[in-house]
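Here is the structure we will look at.
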Amino acid sequence: MSINCAAVDRLIDSMSFTQKVGQLNQRLLGWKSVERNAAGRLVASDELKQEIDRWGGLGTLYGLLRADPWSGQHWGNGIRPEERTEAIAVVQQTVLERGAHGIGVLLSEEAPHGHQALGGTVLPTNLGLGATFDPQGVQEAEAAVAAELAASGIHIALVSGLDIARDPRWGRCEECFGEDPLMAARMCEAIVTGMQGEHRSKVGHGGVAVVLKHLAAQGEAVGGRNGQSALLGPHDLHEIHLPPVAAGVRAGALGFMAAYNDIDSVPCCANPWLLKDYLRDQLGFDGIVMADGLAVDRLEDMAGSIPAAGRAALLAGVDVSLWDEGFTRLEEYADDEQVVAAVDTALRRVLELKAMFGLLPEDGADTAAIAMPSADAIAQATADGREQAKRMAREAITLINDGQSAATLDDIRSVIADAQAGPVIVAGPFADDFGCFLGDYTAPLPADEQSSVYRQLVARLGEDRVLLAAKPGDAPADQWARASTVVFVCGSTSERSYDSEFDDNGAAKAVTEYGATCGEGVDLSDIRLPWRQDDMLGEVAALTTAPIVSVAVCGRAHVLTDVLERSAVTIWAGYAGQYGPQAVADVLVDGADMSGRLPVTLPAYPAAIPVRYNDRQSAAHVYKDAAEPILRGFGYGAGSLAAVTFSEMHADTQSHPGEVLVQVTAHADDHGAAGAVNLFAHVSGGRRIPRLAMLVDSVYMDLNAGERRDIAFHVPCDRLRDVGDGQVQVTCTLDGDSTHTVTATLPGEY
């Protein structure tokens, strides 16, 4: 949509300083902006009216439709899907009627893995999506989420994607696409393209503006402690944490969220190099920078006061606040020329974004003509989103262990399919749990949409065949002796209860003994499975001779050493979303393929961390009490691609200037296969210690039975060279398999 710059100029000139500051504020919690009258209808709250009157309008409103334990909104008091149109109309009409310039309000919503609203689609969390290694699939899924948001009258989606999982102690690992910057970059590009369309074509036309979070290096926080200092040099910052940022800008992202952490002592929300020099001047970003929730106020110790904190964030490049008081105090700097100029600059960005959604009055009109949501469009988009969620849940399931004992997955499937075989016992703390699959930032789902691995197996095999034993003592000894198969559902959960305690920014504050073990605010010093699940699995193994299939539902890289040793088959499910239980049952009962690959390195020991595939020094044989610290490497997946064979691998450095072309031929077996084929490289040369490996390209393919296909990997030379003279030698390896390796030499060009 073209922007009438002259009209924006006229609006800016017509505003008082207070009104300008008001357009930069996102202080009000959206769910508090409406309430129900005696007849049960939604009406504007006094809090909303007072906020509009204070500023002569409203800039951005956060979380009008949000529902979760922190907001306190649920199916009994929150905004239901059929009420979205009414809620949006109430808010926009109130803003237009009470505001001074007829400008509508931008509506922002959390959408880290689907829309966090009642009735919203719940995709796998990013760690689960990362396991798909399928950017195109993610793009299609995010497009469906954006369609739901847009149909509901929402303009801005706050979406995780920039963070890199560098330490499994960090509770927000589930929000990362994994530990690799290239895959995170491709997934961020997929998010932006899916939600905004190519070249922002869907913005205001069935799509939304994306605010990617969090900028930057939050996953590098010391000790895995949320919001703490990131201690790293500029090279690693650019090589590991900034590629997703650059990818987001290239794709046209309209917003970035500045993170809580500092980088080498400079807070991201007050870092002019990060928000101006790098983001705008170097990358050419032209959208808005939003602060994370209350992050501006957290600058008080640095700046000396709350007003000074607001000033520091504004001058560093923050355009829009989130819940804080710092930006509300910018009025105190009406005589500060720097602040006045920065307010006008930020205001222009906000108004240009509003223009894309038709929130500014057209020439000659007193108020904006805002299109209201369509109930039919919401229903259709939500149905589409559900189908995408099912597909991505299936793609996320990853086989990380098969045939540890005499029984293989195929053997177990045959036994499960045999109605005359003994009972299938579903055990473990999450055997009949649904919330464990959902992750943090999830609205409650209605009871009739909830399921579990146990309930899915009952639905397919019958109540007489499937037994539930959340604890070993829940099933009698004779049933354990007769069992044909045990499905042990273990892992962690980010599910919050409505009596949980929270910090002021919504992070978990107090976690009960059997409460959340992952998610924001749940950083752990011990990454073994919580609640002594390893011991529980040991008890189960002692009770039965039946093969054990363990299903690890995890939002971080937990230590699964005991699980792999005691299980014939181990399936890693991440947090696979609302259709995670169905996807697991599809694998066990219906024989569905598993195309997933691990997006993180699994450590073998709880203290041998952090360990990443792209470290510069190997951790092997360093610890005398943990000689082999890696249990399963990044990219590992023993699923559907395991039967694909590769041949004729070669590298070409001549025919495509600026890149290395690596080609290989894939041969599918009689069943066909789908999944990602990854190319890793090790570089020697230059003036830095090389990384052990780097993911340099990934191709997602779907092969028919018996199909033979040539695959081409395109590796830009600038990913392989370091600053320095002389030749660079590159060793490219297919999926970490030393039997498929080629070496190429790049001449020095400096």
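Nothing fancy with the numbering, it's 1 onward along the sequence.
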Next on the checklist: Other residues, nucleotides and ligands only: do more than 12 of their heavy atoms fall within 6.0 Å of NE2 on His650?
Outcome noted: yes

Next on the checklist: With salt bridge (Lys or Arg N to Asp or Glu O under 4.0 Å) as the criterion, how do Glu148 and Arg386 come out once you've worked through the C-alpha distance, each side chain's angles and the decisive distance to 0.1 Å?
Outcome noted: CA-CA 11 Å; Glu148 178 198 323; Arg386 296 287 197 273; 5.3 Å; no

Checklist entry - Does the distance from a Lys or Arg side-chain N to an Asp or Glu carboxylate O, for Asp432 and Arg455, drop under 4.0 Å? => result yes

Checklist entry - Counting N and O atoms only, with roles assigned by atom type, does the side chain of Gln450 sit under 3.5 Å from a partner on the main chain of Phe434, one being a donor and the other an acceptor? => result no

Checklist entry - What residue pairs, at least two apart or across chains, pass side-chain hydrogen bond (donor to acceptor under 3.5 Å, both in side chains) with a residue in residues 457-470? => result Gln456-Arg460, Arg460-Asp586, Arg460-Asp590

Next on the checklist: Please check this pair: side chain of Thr544 against backbone of Ala541, looking for a donor-acceptor N/O pair closer than 3.5 Å.
Outcome noted: no

Item to check | Heavy-atom donor-acceptor pair, His558 side chain to Ile527 backbone, under 3.5 Å | outcome: yes

Item to check | Ring centers of Phe430, Trp531 separated by less than 6.0 Å | outcome: yes

Would you mind writing out the side-chain donor-acceptor pairs for residues 694-706 within the sub-3.5 Å range, not counting sequence neighbours?
from	atom 1	to	atom 2	distance (Å)
Asp697	OD1	Arg186	NH1	3.0
Asp697	OD1	Arg186	NH2	2.7
Asp697	OD2	His714	N	2.9
Ser698	OG	Asn678	OD1	2.6

Checklist entry - Between the side chain of Arg597 and the main-chain N/O of Ala676, is any donor-acceptor distance below 3.5 Å? => result yes

Checklist entry - Just by modelled atom types, is the Pro168 backbone N or O under 3.5 Å from a matching donor or acceptor in the Arg556 side chain? => result yes

Checklist entry - Within a radius of less than 6.0 Å around CZ of Arg709, do more than 12 heavy atoms belonging to other residues, nucleotides or ligands occur? => result yes

Item to check | Glu179 side chain to Asn614 side chain, donor-acceptor N/O pair below 3.5 angstrom | outcome: no

Next on the checklist: Between Arg496 and Asp440, does the salt bridge (Lys or Arg N to Asp or Glu O under 4.0 Å) criterion hold? Intermediate values first, please.
Outcome noted: CA-CA 8 Å; Arg496 272 70 163 148; Asp440 202 357; 3.4 Å; yes

Next on the checklist: Can you confirm whether more than 12 heavy atoms, excluding those of Asp418, are under 6.0 Å from its CG atom?
Outcome noted: yes

Next on the checklist: Check this for me, if you would: do Glu140 and Arg391 make a salt bridge, where the nitrogen-to-carboxylate-oxygen distance has to be below 4.0 angstrom?
Outcome noted: yes

Item to check | Electrostatic pair Lys213:Glu175 at N-O distance under 4.0 angstrom | outcome: no

Next on the checklist: For a quick check under 3.5 Å, do Ser647 and His667 share a side-chain donor-acceptor pair by atom type?
Outcome noted: yes

Next on the checklist: For a quick test of reading the model, state the closest non-hydrogen atom pair linking Gly422 to Ser484 and the distance between them.
Outcome noted: O-OG, 2.8 Å

Next on the checklist: If only side-chain N and O atoms count, and only distance matters, is there a donor-acceptor pair under 3.5 Å linking Thr408 with Asp411?
Outcome noted: yes

Checklist entry - Hey, what's the ring geometry for Phe680 with Phe634, parallel, tilted or perpendicular (30° and 60° as the breaks)? => result perpendicular

Next on the checklist: Checking side-chain polar atoms at under 3.5 Å, does Tyr575 have a donor or acceptor matched by the opposite partner on Ser492?
Outcome noted: yes

Next on the checklist: Checking Thr665 against Asp710: is there a side-chain donor and acceptor pair closer than 3.5 Å?
Outcome noted: yes

Checklist entry - Under 3.5 Å, side chain of Asp535 to main-chain N/O of Gly538, donor-acceptor pair present? => result no

Checklist entry - Donor-acceptor pair, Thr132 side chain versus Leu129 backbone, under 3.5 Å? => result yes

Item to check | Short side-chain donor-acceptor distance under 3.5 Å, Glu520 and Tyr441 | outcome: yes

Item to check | Salt-bridge criterion met for Lys390 and Glu395 (N-O under 4.0 Å) | outcome: no

